[in-house]
Amino acid sequence: MKAVGYRKSLPIEDANSLIDFEAPKPEPTGRDIRVAVKAISANPVDYKVRKRAAPPEGETKILGYDAAGIVDAVGPDVTLFKSGDEVFYAGSILRQGTNAEFHLVDERIVGKKPRSLSFAQAAALPLTSITAWELLFDRLGAVPGKSLDPRTLLITGGAGGVGSILTQLARRLTGLTVVATATRPESQKWCLDLGAHAVIDHSQPMKEQIEKLKVPPVALVASLTFTDQHYKAIADFIAPQGKFGLIDDPPEFTVSAFKGKAVSIHWESMFTRSSFQTPDMIAQHHLLNDVSNLLDKGVLRTTLDQTFGTINAANLKRAHALLESGKSRGKIVLEGW
């Protein structure tokens with residue numbers, strides 16, 4: 001089968017940073033399903049792994065986590081899917097990735113593809129939807145339901161992949177006031193179009209901008225990018241006994257900045273359940289089915305922003321380069337072979 005991978009951790013400009021190659025078609029066992037991959041999306045974790053985790057000598061690592069496709073074969077213990085089912089999912093960080101024609105994934109982290117979306121539109125969503133859902137409801141403890149919630153949720157980096165779906169979830173499924181941050185005018189408009197009540201510029205002092213909005217207290221914070229640059233400023237205006245959630249890898253982060261206000265700190269990693277085979281691992285199957293239903297009902301919309309062509313090394317290099325620049329908006333998708 002066709003696949004894209006890497007043998008050494010190299011800068012994306014290097015000719016061998018990502019390569020096209022042929023790999024054996026994998027066979028499903030246990031609760032694995034084999035998916036004929038139709039579309040994938042690129043995420044920051046792709047380039048972070050590429051830059052930090054070189055495969056063993058002589059091996060080629062296949063990246064990619066998001067995928068939408070058709071079930072091609074199933075393992076003997078599979079009960080949730082059958083051949084021919086259309087699915088979408090984000091795979092395990094411990095296994096070979098989705099940048100391949102065929103991919104093995106545990107059925108417990110797979111959802112039914114939204115009927116109303118194309119494979120490309122669906123591929124944009126799994127990793128960011130799981131991350132946003134778990135961060136909002138499991139980590140920050142937001143309450144589903146449209147009854148008024150007298151708190152504000154601040155989303156830093158609202159125009160990125162996770163921010164784009166988190167804004168929708170918070171606005172459509174809770175009574176929170178949603179304030180996103182973005183610097184460029186087109187990114188600010190993107191956040192407003194997705195449902196943010198207001199947008200502020202995180203390159204400028206945030207406290208003054210928040211005060212001018214006269215919104216309810218900022219009791220929940222989803223710090224999605226550059227946490228090290230913003231957390232001290234946020235600690236100054238977050239409400240006492242608030243909750244601060246983060247998903248990135250800040251090179252510097254001092255928890256004591258939040259001690260005086262008894263603010264709780266919450267890490268979110270959507271790979272935790274699959275990496276540790278947690279007893280509630282199937283929660284991601286149910287979560288993705290809920291997201292799929294919300295998309296089909298028009299409550300949520302895809303966060304696909306750009307399609308970079310077919311799945312190959314050259315196009316994936318373009319996607320990695322744009323993600324590494326920090327200037328992407330929404331999601332980048334590649335489709336077909």
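- Under the 4.5 Å side-chain criterion, counting only non-hydrogen atoms from C-beta, Leu125 is not in contact with Lys331.
- Using a 4.0 Å cut-off between a side-chain N of Lys or Arg and a carboxylate O of Asp or Glu, Asp138 and Arg273 qualify as a salt bridge.
- A donor-acceptor pair under 3.5 Å links the side-chain atoms of Gln96 to the main chain of Thr60, judged by distance alone.
- The backbone N or O of His103 sits nowhere less than 3.5 Å from a side-chain atom of Arg95 that would complete a donor-acceptor pair.
- The minimum heavy-atom distance linking Leu140 with Lys243 is given by the pair O-CD, 3.2 Å.
- What you find for Tyr6 and Ser17 is that their closest heavy atoms are CB-O, 3.2 Å.
- Distance check: Leu169 CG to Ser129 OG gives 6.5 Å after rounding to the nearest 0.5 Å.
- Taking the six-membered ring for Trp and thresholds of 30 and 60 degrees, Phe253 and Phe244 have nearly parallel ring planes, at less than 30 degrees apart.
- Between Asp20 and Lys2, none of the side-chain N atoms (NZ, or NE/NH1/NH2) sits under 4.0 Å from a carboxylate O, so this pair counts as no salt bridge.
- In this structure, Leu154 and Val178 have side chains that are not in contact, with every pair of non-hydrogen atoms separated by 4.5 Å or more.
- Residues Tyr65 and Phe271 place their aromatic rings such that the two centres sit under 6.0 Å apart.
- Ion pair Glu59/Arg7 not flagged as a salt bridge, since none of the NZ, NE, NH1 or NH2 atoms sits closer than 4.0 Å to an Asp/Glu carboxylate oxygen.
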Walk me through whether Glu86 and Lys112 qualify under salt bridge (charged side-chain N to carboxylate O under 4.0 Å, His left out).
CA-CA 6 Å; Glu86 295 184 351; Lys112 62 178 183 179; over 6 Å; no

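- Considering every non-hydrogen atom in both Asp14 and Lys317, the closest pair reads O-NZ, 3.8 Å.
- Salt-bridge annotation for Glu27 and Arg34: present, with a side-chain N of the basic residue lying under 4.0 Å from a carboxylate O of the acidic one.
- Around the CZ atom of Arg115, the shell of radius 6.0 Å holds no more than 12 heavy atoms that belong to other residues, nucleotides or ligands.
- Not a single donor-acceptor pair under 3.5 Å links the side chain of Glu101 to the backbone N or O of Met1.
- For the pair Ile238 and Lys261, the minimum side-chain heavy-atom distance is below 4.5 Å.
- Proximity of Leu173 to Leu294: side-chain heavy atoms (C-beta onward) are separated by under 4.5 Å at one or more points.
- Gln168 CD to Arg301 CZ: the interatomic distance, rounded to the nearest 0.5 Å, is 6.0 Å.
- Relative to the ring axis of Phe308, Arg318 places its NZ or CZ within 45° and under 6.0 Å from the centre.
- In this structure, Val162 is not a member of the same hydrophobic cluster as Val179, with clusters built from ILVMFWY side-chain heavy atoms closer than 4.5 Å.
- Of all heavy-atom pairs between Thr174 and Ala142, the closest is CG2-CB, 4.5 Å.
- A donor-acceptor pair under 3.5 Å is formed between the side chain of Ser9 and the backbone N or O of Arg50.
- Residues Ile70 and Asp85 fail the side-chain proximity criterion, which asks for heavy atoms closer than 4.5 Å.
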I'd like to know whether Asp248 forms a side chain to side chain donor-acceptor pair (under 3.5 Å) with Thr225, so could you lay out the CA-CA distance, the side-chain angles of the two residues, the decisive distance to 0.1 Å, and finally the verdict.
CA-CA 6 Å; Asp248 60 341; Thr225 186; 5.1 Å; no

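- Taking the ring axis of Phe119 as reference, the NZ or CZ atom of Lys113 stays within 45° of it and closer than 6.0 Å to the ring centre.
- Annotation: Gln241, atom CD; neighbour count of heavy atoms from other residues, nucleotides and ligands within 6.0 Å does not exceed 12.
- Residues Val45 and Leu18 fall within the same hydrophobic cluster, defined by Ile, Leu, Val, Met, Phe, Trp and Tyr side chains chained together at heavy-atom separations under 4.5 Å.
- Within a 6.0 Å sphere centred on CD of Glu186, other residues, nucleotides and ligands contribute more than 12 heavy atoms.
- Under the 4.5 Å side-chain criterion, counting only non-hydrogen atoms from C-beta, Phe237 is in contact with Ile234.
- Contact check on Lys48 versus Glu324 returns no salt bridge, with no Lys/Arg side-chain nitrogen under 4.0 Å from an Asp/Glu carboxylate oxygen.
- For the pair Asp106 and Tyr89, the minimum side-chain heavy-atom distance is 4.5 Å or more.
- Distance CG/Leu213 to OG1/Thr177: 10.0 Å, rounded to 0.5 Å.
- The minimum heavy-atom distance linking Ile130 with Gln284 is given by the pair CG2-NE2, 3.4 Å.
- Salt bridge absent: Asp77 and Arg31 never bring a charged side-chain N and a carboxylate O closer than 4.0 Å.
- Comment: Lys189 engages Asp193 in a salt bridge, judged by a side-chain N to carboxylate O separation of less than 4.0 angstrom.
- Nearest heavy atom pair, residue Thr98 against residue Val37, reads O-CG1, 3.8 Å.
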